[in-house]
Amino acid sequence: MSEVKIGYIPTRRDVFDRSEAYRYRGVVKKAVQSLGAKLVDIDGINGENLLFDERDLPAVIDRMQREKVDGLFFPHCNFGTEDLVAKVAKELGKPVLIWGPRDDAPLADGLRTRDTQCGLFATGKVLRRFNVPFTYIENSWVDAPVFAKGYQKFVSVCRTVRAFRRLRILQLGPRPDGFWSVICNEGELLERFGVQTFPVSLVDLVERVKSLLREKPQPFQAAMQRITGKIDVSDCVGADVEKLAALYVGIRSLCKEHGCTAAAIQCWNALQNDSGLGVMPCMVNGLLIEDGIPVTCETDLHGAVTAILLQEAADRCSAIFFSDLTVRHPTNDNAELLWHCGNFSPSLADPTEEKKLGRHFIFPSHKCGTGEWKIRNGEVTVCRFDGDHGDYHLFIGEGRGTDGPRTRGTYFWLEVENWPKWERALVEGPYIHHCAAVHARVADVLEETCKYIPGLCPERM
């Protein structure tokens with residue numbers, strides 16, 4: 001993913017001190033240059049490098065469009081010009097951040113030089129009039145931690161919104177028979193949110209894998225080294241390990257060819273048949289997730305949307321893990337088992353765990369291809385994008401890993417403050433048993449992101 005670009009558009013108003021506004025334009029710019037994004041400024045558009053004159057609007061808008069910025073930051077260097085801020089924001093349709101530095105004490109003669117906070121009140125109102133969603137950081141000193149934290153959060157929001165607006169899902173096969181819970185409206189995803197899907201049949205996927213097995217190109221060799229170098233494969237025959245390596249390369253290449261940033265696969269039961277590949281794809285899903293290509297189980301398209309939102313909100317600091325909410329902890333009433341057949345990435349494994357390539361313990365055929373390990377504890381964020389009857393929600397919650405009984409596959413025991421509240425929301429809301437989680441606390445970012453996705457309502461635990 002390319003670096004986030006933020007349009008830096010400082011603003012002032014004529015009736016307040018121009019020199020102070022110009023000075024703060026530089027002070028604020030210096031403060032944010034190291035906070036996680038590339039700045040695209042308006043320098044040279046006028047003699048002050050500040051937004052205050054309506055005649056400059058076409059040039060400001062053109063520069064931001066040409067530079068393809070991901071978000072807009074309007075620091076109010078004095079009161080600011082609220083209508084110009086709103087007009088630029090409305091035209092560009094990007095996430096918007098407004099903030100201004102705390103006002104200094106009045107001068108000795110009683111005059112005030114900036115009245116920045118007052119201008120923020122005005123801009124907020126006018127943005128609402130223009131139906132422009134915006135993010136706000138409280139009026140604070142430039143070096144205040146709340147400003148740095150708020151700005152970095154906004155950068156994460158811009159990254160997440162960008163990924164959502166570019167989302168194209170590789171759909172590998174239809175949903176499995178019996179999985180009614182993953183039914184979704186593909187047309188509505190496109191119409192409401194611009195989310196595209198690109199279908200590929202499992203027959204085409206299998207043919208690609210078989211071709212890779214015959215030719216064994218360099219990417220296949222690299223995948224074999226990656227699998228055998230990370231994981232104990234002694235429980236599976238060599239031919240099956242090769243099939244998994246080829247499946248990994250095959251899915252990755254299909255995503256690249258069709259411009260897909262995520263995938264949803266019919267992971268059972270067609271691929272396990274002799275007419276398919278005779279392996280489980282679970283561990284392969286985990287490797288692709290490590291690469292930043294979330295792959296969700298049982299052709300769960302809403303799950304793929306969930307995974308992209310969470311991955312980008314966390315700035316890919318760790319692989320997400322896509323899981324079932326399965327059973328409550330036997331002794332901890334506020335803990336729940338996050339589990340799946342074996343798709344949690346090897347990089348997430350608890351350091352004390354031996355990573356083994358296993359066989360699916362539910363299927364009678366016990367085909368090879370599952371991961372077998374507990375993943376590390378730590379702080380996590382859990383979310384689920386879902387909807388029905390045209391009503392879409394994003395379930396968001398935070399918790400932490402806790403100890404619990406061993407089980408098969410890949411798993412994580414999640415402890416939260418009030419599990420019964422979570423359970424009720426998940427059962428009664430438009431959600432299912434699938435969720436995505438990541439080792440990071442990014443609930444604030446996800447909740448703020450929903451401002452910029454019309455029709456998506458956050459539900460935070």
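Keep in mind the model is a prediction, meaning the values are calculated, not measured. Sequential numbering from 1 along the given sequence is applied to the chain's residues.
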J.: Quick check: does any side chain N or O of E372 sit under 3.5 Å from a backbone N or O of R408, one acting as donor and the other as acceptor?
T.: no

J.: Ignoring hydrogens and geometry, is there a side-chain-to-backbone donor-acceptor pair from T306 to A436 under 3.5 Å?
T.: no

J.: For residues W268 and Q272, is any side-chain donor paired with an opposing acceptor at under 3.5 Å?
T.: no

J.: Test D41 against K29 for side chain to side chain contact (heavy atoms under 4.5 Å, CB included), laying out the working first.
T.: CA-CA 9 Å; D41 59 32; K29 184 176 181 180; 2.5 Å; yes

J.: Would you say the side-chain atoms of S140 and W99 include a donor-acceptor pair closer than 3.5 Å?
T.: yes

J.: Measure the distance from the SG of C368 to the SG of C236 and say whether it is below 2.5 Å.
T.: yes

J.: Going by the side chain to side chain donor-acceptor pair (under 3.5 Å) test, which pairs reach into residues 293-303, not counting sequence neighbours?
T.: E298-H434, D300-R384, D300-H434, H302-D386

J.: Starting at CD1 of I308, measure out to CD1 of I169 and round the result to the nearest 0.5 Å.
T.: 8.0 Å

J.: Quick check: do F322 and V295 have side-chain heavy atoms less than 4.5 Å from each other?
T.: no

J.: Could you tell me if the side chain of H439 sits less than 4.5 Å from the side chain of E379, heavy atoms only?
T.: no

J.: Give a yes or no on whether E417 atom CD has more than 12 heavy-atom contacts from other residues, nucleotides or ligands under 6.0 Å away.
T.: no

J.: What closest approach, in Å, do C158 and I6 show between heavy atoms, and which atom pair accounts for it?
T.: SG-CD1, 3.8 Å

J.: Looking at A307 and I320, what are the two nearest heavy atoms and their distance?
T.: CB-CD1, 3.9 Å

J.: Using side-chain heavy atoms (C-beta onward) and a distance below 4.5 Å, is C450 in contact with C457?
T.: no

J.: Is the backbone of S347 close enough, under 3.5 Å, to the side chain of E290 for a donor and an acceptor to pair up by distance?
T.: yes

J.: How about Y452 and R165: does a side-chain donor come under 3.5 Å of a side-chain acceptor?
T.: no

J.: Dump the intermediate steps for salt bridge (charged side-chain N to carboxylate O under 4.0 Å, His left out) on R316 and E312, then the final yes or no.
T.: CA-CA 6 Å; R316 305 189 181 207; E312 300 307 320; 3.0 Å; yes

J.: Identify the two heavy atoms, one from P75 and one from I9, that lie closest to each other, and give their separation to 0.1 Å.
T.: CD-O, 3.7 Å

J.: So, the side chain of D70 versus the backbone of K5: is there a donor-acceptor pair under 3.5 Å, distance only?
T.: yes

J.: As an exercise, state the distance from CD1 of I251 to CG of N285, rounded to the nearest 0.5 Å.
T.: 6.0 Å

J.: Search all heavy atoms of T381 against all heavy atoms of V442 and return the closest pair with its distance.
T.: OG1-N, 2.9 Å

J.: Does a side-chain N-to-carboxylate-O contact under 4.0 Å join K356 and D232?
T.: yes

J.: Can you find a pair of side-chain heavy atoms, one from L309 and one from L394, that are under 4.5 Å apart?
T.: yes

J.: Please answer whether the main-chain N or O of W413 pairs with a side-chain N or O of T402 as donor and acceptor at a distance below 3.5 Å.
T.: no

J.: Has R175 got its NZ or CZ under 6.0 Å from the middle of the six-membered ring of W180, at an angle within 45 degrees of the ring axis?
T.: yes

J.: Which distance, rounded to the nearest 0.5 Å, do you find between the NZ of K421 and the CG of N334?
T.: 12.0 Å

J.: How far apart are the closest heavy atoms of A223 and V249, and which atoms are they?
T.: CB-CG2, 4.0 Å

J.: For residues V200 and Q171, determine if any side-chain heavy atom of one lies less than 4.5 Å from a side-chain heavy atom of the other.
T.: no

J.: With side chain to side chain donor-acceptor pair (under 3.5 Å) as the test, would you mind laying out the steps for R376 and S318 before giving the verdict?
T.: CA-CA 12 Å; R376 66 179 184 267; S318 176; 3.2 Å; yes

J.: Please round to the nearest 0.5 Å and tell me the distance separating atom CZ of R159 and atom CD of Q311.
T.: 10.5 Å

J.: Please report the C-alpha distance between K38 and E3 in whole Å, then the side-chain angles of each, then the deciding distance to 0.1 Å, and finally whether the salt bridge (charged side-chain N to carboxylate O under 4.0 Å, His left out) criterion is met.
T.: CA-CA 7 Å; K38 180 179 179 181; E3 186 179 22; over 6 Å; no

J.: Is there side-chain contact between M280 and L271, with heavy atoms separated by less than 4.5 Å?
T.: no

J.: What distance separates K94 NZ from L72 CG, expressed to the nearest 0.5 Å?
T.: 8.5 Å

J.: Please determine whether ring-ring contact (aromatic ring centres under 6.0 Å, His included) holds for the pair Y248 and F220, giving the CA-CA distance in whole Å, both sets of side-chain angles, and the decisive distance to 0.1 Å.
T.: CA-CA 8 Å; Y248 162 81; F220 166 83; over 10 Å; no

J.: Passes side chain to side chain donor-acceptor pair (under 3.5 Å), N332 versus E415? Steps please.
T.: CA-CA 8 Å; N332 184 340; E415 183 177 31; 3.0 Å; yes

J.: Of K149, R460, K153, which is the lone residue that meets side-chain hydrogen bond (donor to acceptor under 3.5 Å, both in side chains) with D444?
T.: R460

J.: Is there a donor-acceptor pair closer than 3.5 Å between any side-chain N or O of S345 and the backbone N or O of L348?
T.: no

J.: Hey, is the main chain of K374 close enough, under 3.5 Å, to the side chain of D350 for a donor-acceptor pair?
T.: no

J.: List the steps, then state whether side chain to side chain donor-acceptor pair (under 3.5 Å) holds for D43 with Y8.
T.: CA-CA 10 Å; D43 290 7; Y8 183 74; over 6 Å; no

J.: Any chance the side chains of E215 and S211 put a donor and an acceptor closer than 3.5 Å?
T.: yes

J.: Are H329 and L337 packed together at the side-chain level, in the sense that at least one heavy-atom pair is separated by less than 4.5 angstrom?
T.: no

J.: So, are R252 and D291 salt-bridged, with charged N and O less than 4.0 Å apart?
T.: yes

J.: So how far is it from R208 CZ to L213 CG, rounded to the nearest 0.5 Å?
T.: 13.0 Å

J.: Is a side-chain donor or acceptor of S323 paired with a backbone partner of L338 at a separation under 3.5 angstrom?
T.: no

J.: Check the orientation of F193 and Y392. Use parallel for under 30°, tilted for 30 to 60°, and perpendicular for over 60°.
T.: perpendicular

J.: Name all residues meeting the salt bridge (charged side-chain N to carboxylate O under 4.0 Å, His left out) criterion together with K355; count only those two or more places apart in sequence or in a different chain, and write none if there are none.
T.: none

J.: How far apart are the C-alpha atoms of Y431 and F385, what are their side-chain angles, what is the distance that settles it, and do they pass the ring-ring contact (aromatic ring centres under 6.0 Å, His included) test?
T.: CA-CA 8 Å; Y431 312 111; F385 169 94; 9.8 Å; no

J.: Exactly one of W373, F344, F321 should register a ring-ring contact (aromatic ring centres under 6.0 Å, His included) with F412. Which one does?
T.: F321

J.: Give a yes or no on whether the backbone of Q221 and the side-chain of K216 come within a donor-acceptor separation of less than 3.5 Å.
T.: no

J.: Would you call the rings of H433 and F179 parallel, tilted or perpendicular, taking 30° and 60° as the class edges?
T.: tilted

J.: Please give me the minimum heavy-atom distance between C297 and N343, naming the atom from each residue.
T.: SG-ND2, 3.5 Å

J.: Which is it for L277 and L247 under the side chain to side chain contact (heavy atoms under 4.5 Å, CB included) test, yes or no, and what are the steps along the way?
T.: CA-CA 9 Å; L277 293 175; L247 181 61; 4.1 Å; yes

J.: I'd like to check R359 versus K367 (side-chain heavy atoms, cut-off strictly below 4.5 Å). Are they in contact?
T.: no

